[in-house]
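Have a look at the structure below before the remarks.
It should be emphasised that the depicted structure is a prediction, and the values quoted were computed from it without experimental measurement. Sequence lines set the chain letters: A, B, ... in the order given, protein chains first and strands last, and positions in each chain run from 1.
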2 protein chains.
Amino acid sequence: MNSPARITIKDVAARAGVSKGAVSLAFNQKPGVSDATRQRIFEAAKELGWAPNLTARSLSSQRVDIIGLALCRPARLLGLEPFYMDFISGIESVLADRSYSLLLRLVRDLDEETELYKSWWRSQTIAGAILVDFHEDDPRVPSLQSIGLPAVAVGHPSLTGSFPAVWTDDATAAAEAVRYLAALGHRRIARVGGPVGLGHSAIRATAFAATMRDLGLEEGRQIATGFDGSEGARATRSLLVSAERPTAIVYDNDIMAVAGAGVAAEMGFVVPDDVSLLAWDDSQLCRITHPTLSAMSHDVHSFGAQVARTLFAVIGGQHTGSVQVPTPSLTPRGSTAQAPARS
Amino acid sequence: MNSPARITIKDVAARAGVSKGAVSLAFNQKPGVSDATRQRIFEAAKELGWAPNLTARSLSSQRVDIIGLALCRPARLLGLEPFYMDFISGIESVLADRSYSLLLRLVRDLDEETELYKSWWRSQTIAGAILVDFHEDDPRVPSLQSIGLPAVAVGHPSLTGSFPAVWTDDATAAAEAVRYLAALGHRRIARVGGPVGLGHSAIRATAFAATMRDLGLEEGRQIATGFDGSEGARATRSLLVSAERPTAIVYDNDIMAVAGAGVAAEMGFVVPDDVSLLAWDDSQLCRITHPTLSAMSHDVHSFGAQVARTLFAVIGGQHTGSVQVPTPSLTPRGSTAQAPARS
DNA sequence: CGGTGTGACTAGACCGGTTTATAGACAGTG
DNA sequence: CACTGTCTATAAACCGGTCTAGTCACACCG
């Protein structure tokens, strides 16, 4: 169509009266050019408005400055989960420092995700990848390990094969949640969790059940959902109409807790007098509802940053072990209180 | 470190007993190779597990299959706004069809954003860009126009210079919101909006004021915020304690409306009996609170898809005009009702 | 039978950088 | 003064594709 003759390294070299090689050396801070020449080269580049063509650069240097992230949750849900954007922004904060960018793709299922990563890796599009939402016996682990994709896994090390994991101790956090509610006198505690297949949901479920047992409480009812607000609402409704109505409910994310609070209000239950609710993640959402939501809170942004740092270590060829980030801790707010007097 | 001799087009060519060129032709669905040969080539490629190196491809074809998107809102906020992820997923749905990917970056301010786009464009990293959140006299317009970056602007055409705009009629929607509330008998209507500088906030503000005037209502109070939940709460608090307390409040997004509902409850006002609240965007959030939130609703996913389609047209060299997507329309739910009897 | 197409295929230039081997200039040294 | 070493700078190979110009075989035509 047009292209007013793109400026290349050659033009800059000509203008500065040097060779292509010299320009390359100057721009990569390498020795081999005098300060005076370097200066001249920078000036020429500035006058011409030149910046190195990254495509050409990565072709010849066999290096690429893009990280891949595929997310495999329904779009509708992603929009709602404050978690992801916060997580992504944490990743970005580290990438930006090193002039890396994040390539994002939403996929429908794990197979599509695996294929995408394979294709990105084979085609040298990405330098490494971030894998999230691990399932038990996750199919991505063997496939992606075998092609040697540098990646860091966000999930419990027991799930992530040989990929270095960045993980948070969900089991301990789940136990703390139960203990806290028990300490408030609650004896019938329920949990509204994520899908059964999902690794961290399973871990929380197990820890939840074990802690209930430890404390001598009857086994709490647990309902698996798809993290979706409306599913959270449905689960809450089902819990609140049951004969053995729980007096406290733990949710696996903030959205479902908000939905739960909505359902409680709709059914005439007062939070926290009739039922205590405990959210998970502690995004800003927990602070703007009424009552405010008590939550298991952690720093999702830092979590993302740590993931990115670990990935750089992996790409750099270091044999990184798994990294544990701080365990979510309880932040009490207005949605939890003493259990109501025995009914 | 290792690299088990990366497979290139040459290896595939050798294995299939043809030249590099033939492999290239076969893989790009171009004529010039017989079906039999094509077949052999594909087999060879499959056996070797080869996929074209996209870096090399874009270098020689001067084409790139990546779209850039820089978002310039504080990370904390992005996580909360259901809008963006939904919007992004709409974009993705179109990109994926054409095997394009989305390069995402969070930036701190418009200057950083401008520089980033310039650098992406000069370095041939992206084929085009999506610009969002236009301000009045947006500095990005002249800078990016002058370098010839193919881009589509999400915002009212009056703000986007010569960039093709994809926009939604906020003025009409804002007027509809006011008219609806007025029809319910509200006479003191307030608005909690976005930052004054932001284009669509300004448009809504103007339309809001104009409609109030048209209906013969006293000028409604409008408060500018940063879209943040806590700011929405603060604004609502300030409105509800004022002498001229409004009986209806329109918010510029869902989060602030949720926060507003929280504040109302905290202050003992019943929604919608004492005060009606109207959200904007209508994410799932509006359906899970209690009461549910009435909202100006639109299809953000399709919006994103339309933006992507328009961008492809621009990249393809078509002189696209601006495209208008459907105007947000009112979806009444539980947070709006007749105005309380005259106090 | 020579001339003209046409389709299949190849050699090699090219994209815009990086990197290596090498040349030249100059200073220091025995 | 020849000899070595250091520093600056260059030419050319290279990365892995695309793409143009051209070769070749074969059929078709007058």
Side-chain angles (χ1 to χ4, degrees), chain A residues 3-42 44-45 48-65 99 119-125 127, chain B residues 3-42 44-45 48-66 99 119-127:
Chain A
S3 64
R6 280 208 167 277
I7 313 143
T8 78
I9 198 175
K10 225 168 173 173
D11 305 316
V12 177
R15 173 136 192 150
V18 296
S19 68
K20 293 199 312 175
V23 178
S24 177
L25 293 178
F27 262 79
N28 292 297
Q29 331 254 43
K30 295 197 180 164
V33 279
S34 65
D35 284 350
T37 311
R38 197 179 293 268
Q39 203 55 42
R40 254 188 314 133
I41 292 175
F42 282 140
L48 267 48
W50 176 79
N53 179 323
L54 291 189
T55 307
R57 175 183 293 200
S58 30
L59 176 58
S60 73
S61 65
Q62 302 286 46
R63 220 176 299 129
V64 90
D65 49 5
S99 303
S119 130
W120 273 349
W121 177 240
R122 288 192 306 189
S123 65
Q124 308 254 74
T125 304
Chain B
S3 64
R6 281 210 165 275
I7 313 142
T8 78
I9 198 173
K10 226 167 172 173
D11 304 315
V12 177
R15 173 136 193 151
V18 296
S19 68
K20 294 197 312 175
V23 178
S24 177
L25 292 178
F27 262 78
N28 292 297
Q29 331 255 41
K30 295 197 181 163
V33 278
S34 65
D35 284 351
T37 310
R38 196 178 294 265
Q39 202 57 40
R40 255 188 311 132
I41 293 175
F42 282 139
L48 268 47
W50 176 80
N53 180 322
L54 291 189
T55 307
R57 189 197 290 239
S58 28
L59 175 58
S60 76
S61 66
Q62 302 287 40
R63 221 176 295 131
V64 91
D65 49 6
I66 292 179
S99 303
S119 134
W120 274 348
W121 177 240
R122 287 192 306 189
S123 66
Q124 307 254 73
T125 304
I126 59 172

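- For B:Asn53, no side-chain nitrogen or oxygen approaches OP1 or OP2 of D:dC15 to under 4.0 Å.
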- Letter by letter from the 5' end, nucleotides 6-13 of chain D scores (B base, S sugar-phosphate only, - none; protein heavy atoms under 4.0 Å) --SBB---
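- Spacing between atom CD1 of B:Ile9 and atom C1' of D:dT18 amounts to 8 Å, rounded to whole angstrom units.
- D:dG16 atom C1' lies 9 Å from atom CH2 of B:Trp50, rounded to whole Å.
- Residue A:Ala16 comes nearest to A:Ala44 through the heavy atom pair CB-CB, 3.9 Å, listed as atom of the first residue, atom of the second, then distance.
- Checking C:dT18, D:dG16, D:dG17 against the side-chain heavy atoms of A:Gln62 singles out D:dG16 as nearest.
- The nearest whole Å value for the distance from the CG atom in A:Leu54 to the P atom in C:dC15 is 19 Å.
- Counting only heavy atoms from C-beta on, B:Ser60 has its side chain closest to D:dG17 among D:dC15, D:dC19, D:dG17.
- Among the nucleotides D:dC15, C:dG17, C:dT19, the one closest to the side chain of A:Arg63 is C:dT19.
- Centroid-to-centroid, the aromatic rings of A:Trp50 and A:Phe42 stay 6.0 Å apart or farther.
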- Give the C-alpha distance, both sets of side-chain angles, the deciding distance and a yes or no for side-chain contact (heavy atoms from CB on, under 4.5 Å) between A:Arg6 and B:Arg122. CA-CA 9 Å; A:Arg6 280 208 167 277; B:Arg122 287 192 306 189; 5.7 Å; no
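- Interatomic distance, B:Gln124 CD to A:Asn53 CG, rounded to the nearest 0.5 Å: 4.5 Å.
- In this structure, A:Ile9 and A:Lys20 approach most closely via the heavy-atom pair CD1-O, 3.6 Å.
- Nearest-nucleotide positions on DNA chain D for B:Ser61 and A:Ala56 put A:Ala56 closer to the 5' end.
- When rounded to the nearest whole Å, the span between CZ of A:Arg122 and P of D:dG17 equals 12 Å.
- In this structure, CZ on B:Arg57 lies 8.0 Å from CG on B:Asp65, to the nearest 0.5 angstrom.
- Spacing between atom NZ of A:Lys10 and atom P of C:dG17 amounts to 11 Å, rounded to whole angstrom units.
- Regarding A:Gln124, its CD atom lies at a distance of 16 Å from the P atom of C:dT18, rounded to whole Å.
- Atom pair A:Leu59:CG and D:dC15:C1' shows a separation of 4 Å (rounding to whole Å applied).
- A:Asp11 places a side-chain N or O within 3.5 Å of a backbone atom of A:Thr8 that can act as its donor or acceptor partner.
- As rounded to whole Å, 10 Å separates atom P of D:dT18 from atom CZ of B:Phe27.
- Of the side-chain N and O atoms in A:Lys30, one or more sit less than 4.0 angstrom from OP1 or OP2 of C:dT19.
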